[in-house]
K.L.:
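Here it is, the structure, as structure tokens.
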Amino acid sequence: MSGFRVAVAGATGNVGREMLAILAERRFPVSEVIALASTNSIGRDVSFGDKTLKCKALEHFNFKDVDICLMSAGGAVSKEWSPRIGAQGCLVIDNSSTWRMDPDVPLVVPEVNAAAAKGFAKKNIIANPNCSTAQLVVALKPLHDAARIKRVVVSTYQSVSGAGKDGMDELFNQTRAVFVTDAVENKKFTKRIAFNVIPHIDVFMDDGSTKEEWKMVAETKKILDPKIKLTATCVRVPVFIGHSEAVNVEFETPLGADEARAILEKAPGCLVIDRRENGGYITPHEAAGEDATYISRIRDDPTVENAINFWCVSDNLRKGAALNAVQIAEVVVNRGWIKPKAKAA
Ligand SMILES: NC(=O)c1ccc[n+]([C@@H]2O[C@H](COP(=O)([O-])OP(=O)(O)OC[C@H]3O[C@@H](n4cnc5c(N)ncnc54)[C@H](OP(=O)(O)O)[C@@H]3O)[C@@H](O)[C@H]2O)c1
């Protein structure tokens, strides 16, 4: 197969750097990779495997010969640029929340609804879900297939890298400030994040939930099944990389912890680490840099009929963003839904 010309927009960011690493790791069939960021980053070096690429400015770039743009430059940039890039015949795989609920844009997690990606043609855009939703639906899909999920109650423990490189800098700087007894400044988060937890991610909605919580509800319905009822509490915690979730699932038909464990052990994208002993579970520290959605602490919930609890951890920059985007690109390429515009030299 000839290679594809792939642009990574937001190449200097947390997700963009991970996209470049994953394209190289998985040997995505590229003829060229172009690193794009803001005008502030023109000429800046970024790594692609053992090569170094010089960043170009997205706003000066012509996409007419590019096949795929992996977009992770934030919602405002995506809103302005994704339709223009799509109109030039380049497929945009976007990480922001801008296009996720657009009926003309597929919202895809390949382990769950790869076939939906085929519907990209109207806008030439495919959306990636929110990082917390991506890992959750990977775990829910095989359980839903087995016993139809009625209701999900989820509490998240989300790392600061979910708020971009500024979020990571804030945790680092505040932690340092606490140790050297400097003043602790909040810029990115609404309250201090070092040695603290914040039950507030994204803006408040009229009903008292936050937009992050609403996204988990709406995106799970779009990707998995509109009949699933879900309620979420999303919390930012002082962890650099890796989102964790405590999940309670109620089924329509009986499904106990042992059966759920056997199903999840075989499910694509899931890795069950669940020993009932000290350390027999996964924490975000161990999931960082990994591709799997880890499942631990699977147990029956004796307070409700047909219900279980489990703990779910994944690297939010990988399955929650960059890996999922590259997997979507693999789906459209491997199924022949797009062809390279130019033959490789
Ligand atoms: N972090 C996560 O877990 C996660 C998960 C799912 C989705 N997302 C989404 O992915 C996107 C990127 O997140 P991130 O965590 O990588 O953020 P980040 O670390 O703050 O990086 C932002 C990137 O966007 C670029 N950018 C900013 N303004 C631009 C402009 N006008 N034109 C071109 N490029 C511009 C930046 O380039 P400069 O360096 O030149 O400023 C940088 O490369 C966001 O939409 C976010 O919501 C993130």
Side-chain angles (χ1 to χ4, degrees), residues 7-22 34-47 53-61 63 69-82 84-85 92-100 107-109 125-137 156-172 187-189 201-203 211-212 215-216 219 234 236-237 239-245 284 287-289 293 313-328:
V8 173
T12 54
N14 274 347
V15 175
R17 278 181 281 126
E18 210 65 51
M19 283 171 165
L20 288 165
I22 291 171
I34 304 123
L36 302 173
S38 77
T39 47
N40 298 331
S41 298
I42 293 174
R44 200 169 137 191
D45 287 342
V46 289
S47 298
L53 308 177
K54 295 251 178 250
C55 280
K56 298 178 180 171
L58 167 67
E59 63 184 74
H60 300 150
F61 192 73
F63 287 83
C69 175
L70 302 179
M71 173 73 82
S72 71
V77 174
S78 178
K79 191 167 184 192
E80 182 182 351
W81 283 95
S82 295
R84 294 196 206 174
I85 297 168
V92 178
I93 302 177
D94 183 44
N95 264 282
S96 78
S97 58
T98 308
W99 304 101
R100 290 177 191 155
L107 178 64
V108 176
V109 174
I125 303 174
I126 300 176
N128 258 278
N130 180 260
C131 33
S132 314
T133 310
Q135 68 185 67
L136 181 67
V137 294
T156 70
Y157 305 73
Q158 297 181 221
S159 69
V160 294
S161 58
K165 50 192 177 187
D166 294 349
M168 297 178 88
D169 289 348
E170 186 141 314
L171 174 58
F172 180 86
K187 287 191 219 146
K188 182 78 188 170
F189 300 115
I201 302 180
D202 210 330
V203 295
K211 187 124 185 242
E212 187 81 355
K215 284 181 220 164
M216 291 194 78
E219 294 175 17
C234 293
R236 188 75 71 194
V237 297
V239 166
F240 280 107
I241 294 176
H243 287 359
S244 309
E245 299 176 341
T293 293
V313 185
S314 197
D315 181 329
N316 53 295
L317 301 178
R318 290 178 77 92
K319 186 59 202 168
L323 172 65
N324 197 66
V326 174
Q327 287 176 308
I328 293 172

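Counting convention: from 1, in listed order, for ligands and their atoms alike.
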K.L.:
Ignoring hydrogens and angles, state whether a donor on the side chain of N316 or Q158 is under 3.5 Å from an acceptor on the partner side chain.
P.N.:
no
K.L.:
Give yes or no for whether the N/O distance cutoff of 3.5 Å, strictly under, is met between A163 and ligand 1.
P.N.:
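A163 vs ligand 1: no N/O contact under 3.5 Å.
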K.L.:
Any chance you could lay out the side-chain contact (heavy atoms from CB on, under 4.5 Å) test for L317 and I22, step after step, and finish with the verdict?
P.N.:
CA-CA 11 Å; L317 301 178; I22 291 171; over 6 Å; no
K.L.:
Using a 4.0 Å heavy-atom cut-off, say whether S161 meets ligand 1 through its side chain, its backbone, both or neither.
P.N.:
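Answer for S161: backbone.
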K.L.:
Taking only heavy atoms of G10 into account, list the atoms of ligand 1 that are under 4.0 Å away from them.
P.N.:
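Counting from 1, the qualifying ligand atoms are 23 (C), 24 (O), 25 (C), 43 (O).
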K.L.:
If we only count N/O pairs under 3.5 Å, is H243 in contact with ligand 1?
P.N.:
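It does not: no N or O of H243 is found under 3.5 Å from an N or O of ligand 1.
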K.L.:
Side-chain contact, heavy-atom cut-off 4.5 Å: V109 with K319?
P.N.:
yes
K.L.:
What protein heavy atom sits nearest atom 30 (C) of ligand 1, and how far away is it?
P.N.:
V77 CG2, 3.6 Å
K.L.:
Under a plain distance cut-off of 3.5 Å, with no hydrogens placed, do S314 and Q135 share a side-chain donor-acceptor pair?
P.N.:
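No, no side-chain donor-acceptor contact under 3.5 Å.
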K.L.:
Which of the numbered atoms in ligand 1 are below 4.0 angstrom from a heavy atom of G320?
P.N.:
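Once the distances to G320 are compared, the set is 5 (C), 6 (C).
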K.L.:
Donor-acceptor pairs are to be reported for all side-chain atoms of residues 34-46 against protein atoms at under 3.5 Å, with residues two or more places apart or in another chain.
P.N.:
unit_1 : atom_1 : unit_2 : atom_2 : d
S38    : OG     : N40    : N      : 3.2
D45    : OD1    : K54    : NZ     : 2.7

K.L.:
If you measure every N/O of V15 against every N/O of ligand 1, is any gap under 3.5 Å?
P.N.:
yes
K.L.:
Find the distance between CD (E219) and CG (N130) and round it off to the nearest 0.5 Å.
P.N.:
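Here the rounded value is 5.0 Å.
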K.L.:
Can you confirm whether K56 is buried at NZ, in the sense that more than 12 heavy atoms of other residues, nucleotides or ligands lie under 6.0 Å from that atom?
P.N.:
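Count not over threshold, so no.
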K.L.:
Is there a side-chain contact between Q327 and N324 (heavy atoms, below 4.5 Å)?
P.N.:
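Contact flag for Q327/N324 side chains = yes.
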K.L.:
May I ask which of A76, G13, G164, A325 has a heavy atom nearer to atom 21 (O) of ligand 1 than the others do?
P.N.:
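Looking at heavy atoms only, the winner is G13.
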K.L.:
Which of the numbered atoms in ligand 1 are below 4.0 angstrom from a heavy atom of L58?
P.N.:
32 (N), 33 (C)
K.L.:
To the nearest 0.1 Å, how far is atom 24 (O) of ligand 1 from its closest protein heavy atom, and which atom is that?
P.N.:
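Nearest neighbour among protein heavy atoms for atom 24 (O) of ligand 1, to 0.1 Å: A73 CA, 3.3 Å.
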K.L.:
For atom 45 (O) of ligand 1, which candidate among G74, A37, A57 holds the nearest heavy atom?
P.N.:
G74
K.L.:
Which residue supplies the protein heavy atom nearest to atom 3 (O) of ligand 1, what is that atom called, and how far is it?
P.N.:
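Residue, atom and distance for the closest contact: N316 ND2, 3.0 Å.
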K.L.:
Given K165, Q158, E18, which one has a non-hydrogen atom that is nearest to atom 20 (O) of ligand 1?
P.N.:
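Among K165, Q158, E18, the closest heavy atom to atom 20 (O) of ligand 1 belongs to K165.
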K.L.:
Please check whether L317 reaches ligand 1 - meaning an N/O of the residue sits under 3.5 Å from an N/O of the ligand, judged on distance alone.
P.N.:
no
K.L.:
Could you find the nearest protein heavy atom to atom 41 (O) of ligand 1 and give me its residue, atom name and distance?
P.N.:
S38 OG, 3.5 Å
K.L.:
Any idea which atoms of ligand 1 are less than 4.0 Å away from a heavy-atom of A321?
P.N.:
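Reading through ligand 1 atom by atom, the close ones are 5 (C), 6 (C).
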K.L.:
Determine, considering heavy atoms only, which of G16, A322, S72, S159 sits nearest to atom 23 (C) of ligand 1.
P.N.:
S72
K.L.:
Would a 4.5 Å heavy-atom cut-off, applied to side chains only, mark I125 and M71 as touching?
P.N.:
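Result no, sub-4.5 Å side-chain heavy-atom pair not found.
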K.L.:
Can you list the ligand 1 atoms lying under 4.0 Å from a non-hydrogen atom of C131?
P.N.:
3 (O), 5 (C)
K.L.:
Are any of the N or O atoms of N130 closer than 3.5 Å to those of ligand 1?
P.N.:
no
K.L.:
Would you say ligand 1 has an N or O under 3.5 Å from any N or O of D166?
P.N.:
no
K.L.:
For F240, does its backbone N or O pair with a side-chain atom of S161 as donor and acceptor, under 3.5 Å?
P.N.:
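Yes, because the side chain of S161 sits within donor-acceptor range (under 3.5 Å) of the backbone of F240.
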K.L.:
Out of N14, T133, V8, whose heavy atom is nearest to atom 19 (O) of ligand 1?
P.N.:
N14
K.L.:
Distance check, rounded to the nearest 0.5 Å: W81 atom CH2 versus D94 atom CG?
P.N.:
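Between atom CH2 of W81 and atom CG of D94 there are 14.5 Å.
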K.L.:
Please report whether ligand 1 has a polar contact with N40, defined as an N or O pair separated by less than 3.5 Å (distance criterion only).
P.N.:
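Looking only at distances, the answer is no, because the N/O contact criterion of under 3.5 Å is not met.
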K.L.:
Between R100 (side chain) and N128 (backbone), is there a donor-acceptor pair under 3.5 Å?
P.N.:
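Yes, R100 side chain to N128 backbone: donor-acceptor pair under 3.5 Å.
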K.L.:
When you measure from atom 9 (C) of ligand 1 to each heavy atom in I42, V46, T12, N95, which option holds the nearest one?
P.N.:
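That would be N95.
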K.L.:
Which is it for V77 and E59 under the side-chain contact (heavy atoms from CB on, under 4.5 Å) test, yes or no, and what are the steps along the way?
P.N.:
CA-CA 10 Å; V77 174; E59 63 184 74; over 6 Å; no
K.L.:
Is atom 33 (C) of ligand 1 near the protein, in the sense that some protein heavy atom lies at less than 4.0 Å from it?
P.N.:
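True for atom 33 (C) of ligand 1.
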K.L.:
Taking atom CZ as the centre, does F172 end up with more than 12 heavy-atom neighbours from other residues, nucleotides or ligands that are less than 6.0 angstrom away?
P.N.:
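No, because the 6.0 Å sphere around CZ of F172 holds 12 heavy atoms or fewer from other groups.
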